[in-house]
There are 2 protein chains.
Amino acid sequence: MTRPQRNTWQREAVRAALAEAHGFVGAQRLHETLRAQGSTIGLATVYRSLAALAEAGEADSLQSPEGENLFRSCATRGHHHHLICRGCGDTRELEARVVEDWAARVGAEHGFSEIEHVVDLFGLCARCREVA
Amino acid sequence: MTRPQRNTWQREAVRAALAEAHGFVGAQRLHETLRAQGSTIGLATVYRSLAALAEAGEADSLQSPEGENLFRSCATRGHHHHLICRGCGDTRELEARVVEDWAARVGAEHGFSEIEHVVDLFGLCARCREVA
DNA sequence: CAACTTGTTGCGAACAGTTCTCATTTGCAT
DNA sequence: ATGCAAATGAGAACTGTTCGCAACAAGTTG
């Protein structure tokens, strides 16, 4: 599953840039940021690194409503959900026993197994609400 | 919000094809189906019609993990969630007061407003499990 | 430290899904 | 029937992402 990996400054740069970003960022934006800082990293590499980080559980990923793949450096280990501000992208990680239980129960009731679930909340944080 | 709309056989064809489909379908697939039935409808029109149906609340939409936009003719009026079989695409509509409440509460706790949420379950239905 | 092996990189081309452009058609109120 | 704006279809254009491949470099080996 986890095949051999080498340490390159590129991978590290992506990891760092991701950690610095607030909330979720897309690959392209991250790439721009890095180039703006003088890095010569390639776009494809950013994609590859992000995918690797996500697979390694070091980053969280989700799809924006526009179909873009967004990533976030992941603090909480393991399964969790998000509350994301539509305005500034600021993100809170959530735990939701209630929802986990509900998902498992409903799945079982319908005879479904291997239940996975997507649960994310989008809203407007206090700060962004004032601005608008 | 709802600007004038005309009745065209194309729109009706999309509505019908969508109703006939089991589970969620993508625009391209729906287009293929229609063409296969002899229709001369254009792909762009299928996209436009689906978007219109979704906006009108007549269809439900969600993003597949591959980033495709999927639609389903919507039985239950208003807000609801889904339990979707990864195998056959069969879909059950769910209501989940628990989840609604949780979402609202958590949003409020964090000072967020205008909370929207995405809650979908993916699993393997009884039939598909046997096959595998 | 040099040679080597093989994962990694960067580039541009290739792709997939979707939207846009625009000339033409068509619904529908008059 | 007539007129006008909405809707259509074909293809070009866009967007986000992945691929192919030659050049490169990390980390091991002798």
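Only a predicted model underlies this, so the values are computations on that prediction, with no experimental measurement involved. Reminder, nothing fancy here: chain letters follow the sequence lines and each chain counts from 1.
Remark: the B:Arg6 side chain and the D:dA6 base include a donor-acceptor N/O pair separated by less than 3.5 Å. Judged by distance alone, with hydrogens and angles left aside, A:Arg48 brings no side-chain donor or acceptor close enough to the base of C:dT8 to form a pair under 3.5 Å.
Across C:dT18, D:dG16, C:dG10, the shortest atom-to-atom separation from the side chain of A:Tyr47 is found for D:dG16. For A:Ile41, taking side-chain heavy atoms from C-beta onward, the closest of the listed nucleotides C:dG10, D:dT17, D:dG9 is C:dG10. Among the nucleotides C:dT9, D:dA7, C:dG17, the one closest to the side chain of B:Thr8 is D:dA7. Taking every side-chain heavy atom of A:Asn69 into account, D:dT17 is the closest of C:dT18, D:dA7, D:dT17. Residue A:Trp9 places its side chain closer to C:dG10 than to any other of D:dT8, C:dG27, C:dG10. Among the nucleotides D:dA10, D:dT8, C:dT19, the one closest to the side chain of B:Arg35 is D:dA10. Side chain of A:Leu43, nearest nucleotide from D:dA10, C:dT26, D:dT17: D:dT17.
Remark: of the listed residues B:Glu93, B:Glu95, B:Glu100, B:Glu100 is the sole one forming a side-chain hydrogen bond (donor to acceptor under 3.5 Å, both in side chains) with B:His81.
In this structure the side chain of A:Trp102 reaches within 4.5 angstrom of the side chain of B:Val119, judged on heavy atoms.
Put simply, CG on A:Leu34 is 13 Å from P on C:dT9, counting in whole angstrom units. Nucleotide C:dA16 holds its C1' atom 14 Å from the CG atom of B:Leu70, rounded to whole Å. One can place NE2 of B:His31 at 12 Å from P of D:dT8, the figure rounded to the nearest angstrom. Between A:Gln10 atom CD and D:dA26 atom C1' there is a gap of 11 Å when expressed in whole angstrom units. Distance CD (A:Glu66) to C1' (D:dT17): 16 Å, rounded to an integer number of Å. Distance, A:Glu68 CD to D:dT18 C1': 15 Å, rounded to whole Å. Remark: C1' of D:dG27 and CG of A:Asn7 are 10 Å apart, rounded to the nearest angstrom.
At a threshold of 4.0 angstrom between heavy atoms, the contacts of B:Arg11 are confined to the sugar-phosphate backbone, with no base atom among them. Nucleic acid contact for A:Gln28: base, since at least one base atom lies under 4.0 Å from a heavy atom of the residue.
Between A:Arg29 and A:Glu32 no salt bridge is recorded (no basic side-chain N to carboxylate O distance below 4.0 Å).
For C:dG27, the OP1/OP2 oxygens have no side-chain nitrogen or oxygen of B:Gln5 closer than 4.0 Å. Using a 4.0 Å cut-off, no side-chain N or O of A:Gln63 falls inside it from OP1 or OP2 of D:dG16.
The closest side-chain donor-acceptor pair between A:Ser39 and A:Gln37, if any, does not fall under 3.5 angstrom.
Checking side-chain atoms of A:Arg129 against main-chain N and O of B:Gly111 turns up a donor-acceptor pair under 3.5 Å.
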